[in-house]
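Starting from 1, each residue takes its place in the sequence as its number. Any value given below was found using the heavy atoms of this structure, including those in side chains, with hydrogens, waters and symmetry copies removed.
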Amino acid sequence: MKSTITKALVALALTAAFSSCKKNGGEPVAENPGNYVLAVTPVASTGVADYLLTAGNLDQGTVSIVGNGVEQDGTYRYYVTLGNKFFSMLYGQGNPGAVTVYDIKSGKLNKLNDFTAATVQAFAPVNKDILMVRVPRAFAATGATLANWYIVNSETNAQTAEGTLDAVAPSGNGEIAHFSWIKQVGNKVYAPFFSITGRTFETDYPNQAGIAVYTYPSMQYEKTIKDTRTSFIGRYFTDGLEVVENGDVYAFSSSVAVKGGVLTSTKPSSITRIKSGTSEFDLSYLMDVEAASGNNVITNWLYVGQNKFVANMEPKATRGAYTAGKRLAIIDVVNKTVSPVSGFPEAANIASITTTNYSPKDGKTGYIGVNLTDGTTWVYKVDASNNTAIRGLKVEGGLITAIQRVN
């Protein structure tokens, strides 16, 4: 199970889109049925609808949104795959958004249901459900400051429950605990958060990491797992928590807490661990990513299995609260090693990297979407066994914003 999120990151000229819609003499690209689903935002100067394309493989070939794919009803969407269902959710920017549920039939998306759900900031599969949470960015004028949670069942394809959470209690410092993501760990829900003042996304507590723990499905708050060795876990709309095969939980911090528009955390970008069967940080484990990588920080990661991650990296000198790293490295969290990936495009040639990517979790393979400054868009296959990347599937007519596979 894998949660996915998509946002259009780059807007290019419409004429560039037209020139890239055809290949080799102007012949249109045929449909490419399969179980891989790619979310693609058409290249345009204004916001347009996403398209969902299917593909039989990600290693080679070409797909195009021209005459192909399923058009969505808006851009700024996020996508969640659970079992054999694919949920396409519109980010309503404060308003409710349309949700469409698909499965795959004969290599093509097959619509099962439509409904409306609240715009949320964190979501993930939990058991057979999709749990979604909307966290406030400001304190309530009167009464408690509450976050809203919603449960969508993957068997009924509809929302089945909702409730509220105290948005301040988990931080323990009077600031709002704004979830960076949520994750099922055993039979609990873990919600790593960054605390915010309620006026801005800034904090007076830059050197603290916290994970709120909830029961499921009642969503009762149990405790906060705390650590002062790093700054907060994950990033805005970025999953910084992963459960590996033996049940251990690893967490990354980019060290990008902000106050007064300035980065204020004095802790290095690091990885911490919660041992399987425990609910506290393992104080015997700390991986200083900056020291291991030569002064780089993590901005995102993709777990590929066997304790290895494909990590997006950014030099510490140019890091920022919303900076997306355009360099890749393989991180082995057990051996505490960081190995740069060769064969990947140079950072100067990358317009954006897809924030949600795919791995079969075989211990070595990751597929990363890359939108290049020359107007072309590709899926790169990363091999974590030898720290290399090779160019794979080409996508024409738009920018990849998510890659997933539906059973």
Side-chain angles (χ1 to χ4, degrees), residues 1-9 31-42 44 46-55 63-134 148-162 181-182 237 354-358 369 395 397-407:
M1 296 184 293
K2 176 69 178 177
S3 301
T4 64
I5 175 177
T6 178
K7 297 189 279 188
L9 299 175
E31 196 171 23
N32 187 349
N35 286 69
Y36 296 103
V37 180
L38 296 95
V40 179
T41 298
T46 57
V48 289
D50 285 358
Y51 280 76
L52 299 179
L53 296 174
T54 55
V63 293
S64 173
I65 65 172
V66 179
N68 299 314
V70 179
E71 184 178 4
Q72 304 301 283
D73 63 355
T75 191
Y76 294 97
R77 301 188 71 91
Y78 48 91
Y79 302 99
V80 181
T81 300
L82 177 54
N84 64 349
K85 302 286 181 65
F86 185 87
F87 293 78
S88 171
M89 302 179 178
L90 177 65
Y91 183 80
Q93 301 189 47
N95 300 312
V99 179
T100 306
V101 187
Y102 301 91
D103 64 5
I104 296 283
K105 299 293 186 185
S106 302
K108 298 181 181 180
L109 287 165
N110 173 59
K111 187 168 77 171
L112 298 172
N113 192 26
D114 281 307
F115 60 95
T116 300
T119 292
V120 296
Q121 288 81 42
F123 47 89
V126 181
N127 298 333
K128 294 183 179 181
D129 303 322
I130 296 169
L131 172 65
M132 307 183 295
V133 183
R134 178 175 180 167
N148 298 89
W149 58 266
Y150 310 89
I151 292 175
V152 174
N153 183 267
S154 67
E155 295 181 330
T156 64
N157 304 322
Q159 183 175 305
T160 57
E162 63 180 274
W181 211 251
I182 49 179
F237 250 131
T354 303
T355 55
T356 300
N357 297 289
Y358 171 72
V395 176
L399 310 174
I400 305 174
T401 52
I403 305 170
Q404 195 48 254
R405 187 180 190 280
V406 181
N407 294 332

Please confirm whether the backbone N or O of Thr41 pairs with a side-chain atom of Thr401, one donor and one acceptor, at under 3.5 Å?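 No, because the side chain of Thr401 does not come within donor-acceptor range (under 3.5 Å) of the backbone of Thr41.
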For residues [X] and [Y], determine if any side-chain heavy atom of one lies less than 4.5 Å from a side-chain heavy atom of the other.
X      : Y      : answer
Val70  : Lys111 : no
Val133 : Val120 : no
Pro125 : Val80  : yes
Phe115 : Val101 : yes
Thr355 : Phe237 : no
Val99  : Val152 : no

For Asn148, which residues count as a side-chain hydrogen bond (donor to acceptor under 3.5 Å, both in side chains) partner, sequence neighbours excluded?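 Counting only residues at least two positions away or on another chain, Asn148 forms no side-chain hydrogen bond (donor to acceptor under 3.5 Å, both in side chains).
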With sequence neighbours left out, write down each residue that passes side-chain hydrogen bond (donor to acceptor under 3.5 Å, both in side chains) with Asn157, or none if nothing qualifies.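 Partners of Asn157 under the side-chain hydrogen bond (donor to acceptor under 3.5 Å, both in side chains) test: Lys85.
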Could you report the tightest heavy-atom contact between [X] and [Y], atom names first, then the distance?
X      : Y      : result
Ser106 : Pro33  : O-CB, 4.0 Å
Thr354 : Ala402 : CG2-N, 3.5 Å
Trp181 : Gln121 : CZ3-O, 4.2 Å

Residues forming a side-chain contact (heavy atoms from CB on, under 4.5 Å) with Tyr36, sequence neighbours excluded: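 Residues passing side-chain contact (heavy atoms from CB on, under 4.5 Å) with Tyr36: Ala55, Leu58, Tyr358, Arg405.
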Take Leu53 and Ile65, measure what side chain to side chain contact (heavy atoms under 4.5 Å, CB included) needs, and give me the verdict at the end. CA-CA 7 Å; Leu53 296 174; Ile65 65 172; 3.7 Å; yes
Rounded to the nearest 0.5 Å, what separates atom [atom1] in [X] from atom [atom2] in [Y]?
X      : Y      : atom1 : atom2 : value
Leu82  : Asn407 : CG    : CG    : 9.5 Å
Ile104 : Leu109 : CD1   : CG    : 4.0 Å
Ile403 : Leu38  : CD1   : CG    : 5.5 Å
Ile182 : Phe123 : CD1   : CZ    : 8.5 Å
Asn153 : Gln159 : CG    : CD    : 11.5 Å
Leu112 : Thr156 : CG    : OG1   : 11.5 Å

For side chain to side chain contact (heavy atoms under 4.5 Å, CB included), just list the numbers for Tyr102 and Phe87, CA-CA rounded to whole Å, side-chain angles, deciding distance to a tenth of an Å, and then say yes or no. CA-CA 6 Å; Tyr102 301 91; Phe87 293 78; over 6 Å; no
Pair Asp103-Asn110, side-chain hydrogen bond (donor to acceptor under 3.5 Å, both in side chains): steps then yes or no: CA-CA 5 Å; Asp103 64 5; Asn110 173 59; 2.9 Å; yes
